[in-house]
Amino acid sequence: MAWSIAEVARMSGVTSRTLRHYHEIGLLEPARIGGNGYRHYEEDQLLRLQQILVLREMGLGLAEIKEIVDRHTDPLAEDGMPRISRPENLFEGFDGARYSEQAREQWPGHRERTTGS
């Protein structure tokens, strides 16, 4: 199953602008990018985003987080078996609004998109 950037933003509470930034810095690559430029995420990316958000909540910076999640391997991964039964619950408890102001300051002039890439 794949989710659009808008769906991941809605589920996680992280802005699509932040997701695009994470892609640009190599922190969270989408599973694929459609011919129309839209980003799509699968289970592995949702689990990685969950790790990123946990580490952000702990106060770590993005460079540190990248080092940690790049080293991490999932010992529970089973060949082709889904690991997420309810993706909409994966991000419960995270406050995406906490970083909205930081995103606006870091990328002035960019407006948040609700659909698309």
Side-chain angles (χ1 to χ4, degrees):
M1 170 130 199
W3 295 271
S4 70
I5 193 170
E7 291 170 316
V8 173
R10 182 184 40 75
M11 281 190 287
S12 67
V14 173
T15 66
S16 60
R17 177 186 318 173
T18 298
L19 293 171
R20 286 189 295 277
H21 177 67
Y22 287 176
H23 177 204
E24 289 171 12
I25 65 172
L27 182 59
L28 181 66
E29 300 280 333
R32 66 182 171 81
I33 300 176
N36 56 6
Y38 288 8
R39 293 165 173 86
H40 299 276
Y41 301 84
E42 294 179 356
E43 283 189 0
D44 287 343
Q45 291 75 39
L46 294 185
L47 292 170
R48 185 173 172 111
L49 179 57
Q50 184 187 47
Q51 292 173 329
I52 292 166
L53 295 176
V54 167
L55 294 169
R56 286 291 281 163
E57 288 287 322
M58 294 172 62
L60 290 147
L62 295 179
E64 293 173 290
I65 291 171
K66 184 173 181 343
E67 286 180 32
I68 292 167
V69 296
D70 282 350
R71 286 192 313 244
H72 177 75
T73 57
D74 186 358
L76 300 176
E78 298 179 29
D79 295 320
M81 297 299 293
R83 295 168 291 190
I84 302 172
S85 60
R86 302 214 31 180
E88 64 276 7
N89 295 335
L90 190 62
F91 302 101
E92 282 186 9
F94 291 109
D95 181 12
R98 179 176 176 184
Y99 302 106
S100 293
E101 184 60 34
Q102 178 185 357
R104 279 191 289 280
E105 289 173 8
Q106 188 163 353
W107 306 291
H110 286 81
R111 293 182 349 139
E112 183 59 26
R113 292 184 248 170
T114 56
T115 61
S117 64

As an exercise, state the distance from [atom1] of [X] to [atom2] of [Y], rounded to the nearest 0.5 Å.
X: I65; Y: L55; atom1: CD1; atom2: CG; result: 5.0 Å
X: R56; Y: E64; atom1: CZ; atom2: CD; result: 10.0 Å
X: R39; Y: S4; atom1: CZ; atom2: OG; result: 12.0 Å

Which pair of heavy atoms, one from [X] and one from [Y], lies closest together, and at what distance?
X: E7; Y: A2; answer: OE1-O, 4.3 Å
X: S16; Y: A9; answer: N-CB, 3.9 Å
X: Y22; Y: L49; answer: CE1-CD1, 4.2 Å

When you measure from the side chain of Q45 to the backbone of E42, do you find a donor-acceptor pair of N or O atoms at a distance under 3.5 Å? yes

Identify which one of L62, L28, L27, V14 satisfies the side-chain contact (heavy atoms from CB on, under 4.5 Å) criterion when paired with H21. L62

Within a strict 4.5 Å, meaning less than it, do heavy atoms of the T15 and R20 side chains meet? no

Is the closest side-chain heavy-atom distance between M11 and L46 below 4.5 Å? yes

Who passes side-chain hydrogen bond (donor to acceptor under 3.5 Å, both in side chains) against E29, sequence neighbours left out? H23

Decide whether Y41 and I33 are clustered together by the hydrophobic rule: side chain heavy atoms of Ile, Leu, Val, Met, Phe, Trp, Tyr closer than 4.5 Å, transitively. no

Applying side chain to side chain contact (heavy atoms under 4.5 Å, CB included), name anything that partners Q51, two or more places apart in sequence or on another chain. R48, V69, H72

